[in-house]
Amino acid sequence: MKFNFTISTGSKVAIYKQITDQVWMAVATGKLAVGDQLPSVRALAEELVVNPNTIAHAYSDLTRDGLIEARAGRGVFIVQKRKVYTAEEAWRRLEPLLDAAIGEAMALDFTPQELKVAFDQKLDLWTQAKGGSPDHE
């Protein structure tokens, strides 16, 4: 499957992070699936006109997180995500992200109810894009 990466050189988000975020989003939404091949470090660096070390950094992070693996002589592939973190570690990593999002929303004068609605709507979009059905109580 061919997946097109896009980067913004003027962004405050580091280029390697933009790449990792795009791979995670593509997997979460079903645009990339287990077994799909990603471009080689050199090929993607040439396509995006960035330093190959930037791509290597992104791929290293994705490998560490268990989303991709390099197969000698064959390339880099999306793999069945393996459980890398314990439940406690996963929550420890998620909490500051939630704190930042909630803090930003509150600073923008969103009410707690508006924030809950926005979260549910976004979660529904992600779930629908992946082909599942949202499960609300």
Side-chain angles (χ1 to χ4, degrees):
M1 167 179 275
K2 176 70 173 149
F3 178 76
N4 293 318
F5 289 90
T6 57
I7 58 165
S8 173
T9 54
S11 173
K12 291 182 180 179
V13 178
I15 292 172
Y16 82 90
K17 181 74 169 122
Q18 292 178 47
I19 293 166
T20 59
D21 289 349
Q22 287 179 53
V23 173
W24 278 109
M25 175 74 84
V27 170
T29 60
K31 292 178 182 170
L32 285 173
V34 171
D36 285 344
Q37 185 172 10
L38 295 178
S40 69
V41 168
R42 180 176 294 162
L44 188 55
E46 289 175 4
E47 178 184 330
L48 298 177
V49 192
V50 299
N51 188 309
N53 290 335
T54 300
I55 308 302
H57 187 174
Y59 281 10
S60 174
D61 284 1
L62 291 166
T63 299
R64 180 201 64 223
D65 291 341
L67 190 64
I68 67 170
E69 74 178 11
R71 299 177 186 159
R74 296 187 57 220
V76 179
F77 295 86
I78 302 292
V79 293
Q80 183 67 44
K81 185 166 178 347
R82 64 185 185 274
K83 188 166 177 105
V84 176
Y85 302 110
T86 64
E88 294 81 16
E89 176 64 10
W91 278 109
R92 188 192 70 73
R93 293 172 64 94
L94 179 62
E95 190 170 17
L97 300 173
L98 291 172
D99 287 343
I102 292 168
E104 183 73 17
M106 299 302 263
L108 294 170
D109 294 326
F110 285 94
T111 66
Q113 185 58 35
E114 289 172 324
L115 186 55
K116 288 176 186 176
V117 168
F119 184 85
D120 284 343
Q121 288 174 342
K122 189 58 84 168
L123 187 59
D124 286 350
L125 286 173
W126 275 69
T127 305
Q128 291 167 4
K130 192 168 182 174
S133 59
D135 186 2
H136 293 289
E137 297 179 26

In Å, rounded to the nearest 0.5 Å, how long is the span from [atom1] of [X] to [atom2] of [Y]?
| X | Y | atom1 | atom2 | answer |
| --- | --- | --- | --- | --- |
| M25 | L32 | CE | CG | 12.0 Å |
| E104 | I102 | CD | CD1 | 12.0 Å |
| L62 | I78 | CG | CD1 | 7.5 Å |
| L67 | D61 | CG | CG | 11.5 Å |
| T63 | I68 | OG1 | CD1 | 3.5 Å |
| L38 | L44 | CG | CG | 8.0 Å |

When R92 is tested against each of E88, E89, E95 for side-chain hydrogen bond (donor to acceptor under 3.5 Å, both in side chains), which residue passes?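 The option that passes is E89.
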Nearest heavy atoms of [X] and [Y], plus distance in Å:
| X | Y | value |
| --- | --- | --- |
| V79 | G66 | CG2-O, 3.6 Å |
| A58 | I19 | CB-CG2, 3.8 Å |
| Q37 | R74 | NE2-O, 2.9 Å |

[X] side chain near [Y] side chain, heavy-atom distance below 4.5 Å:
| X | Y | answer |
| --- | --- | --- |
| E69 | R71 | yes |
| Y59 | V76 | yes |
| P52 | E46 | no |

Is the backbone N or O of A56 less than 3.5 Å from a side-chain atom of S60, with the two atoms forming a donor-acceptor pair by type?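 Judged by distance alone, no pair lies under 3.5 Å.
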Could you pull out all residues at least two apart from N51 that satisfy side chain to side chain contact (heavy atoms under 4.5 Å, CB included)?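 Here the qualifying residues are N53, T54.
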Is there a side-chain contact (heavy atoms from CB on, under 4.5 Å) between I15 and I55 once you walk through the steps? CA-CA 8 Å; I15 292 172; I55 308 302; 5.7 Å; no
Cluster companions of F77 among Ile, Leu, Val, Met, Phe, Trp, Tyr (side-chain spacing under 4.5 Å):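 For F77, no cluster forms, as it stays isolated from other hydrophobic side chains.
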Show which side-chain atoms of residues 4-14 pair as donor or acceptor with protein atoms under 3.5 Å away, not counting sequence neighbours.
from : atom 1 : to  : atom 2 : distance (Å)
S11  : OG     : V13 : N      : 2.9

Could you check whether K17 pairs with D21 (Lys NZ or Arg NE/NH1/NH2 to Asp/Glu carboxylate O, under 4.0 Å)?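 The answer is yes: the pair qualifies as a salt bridge.
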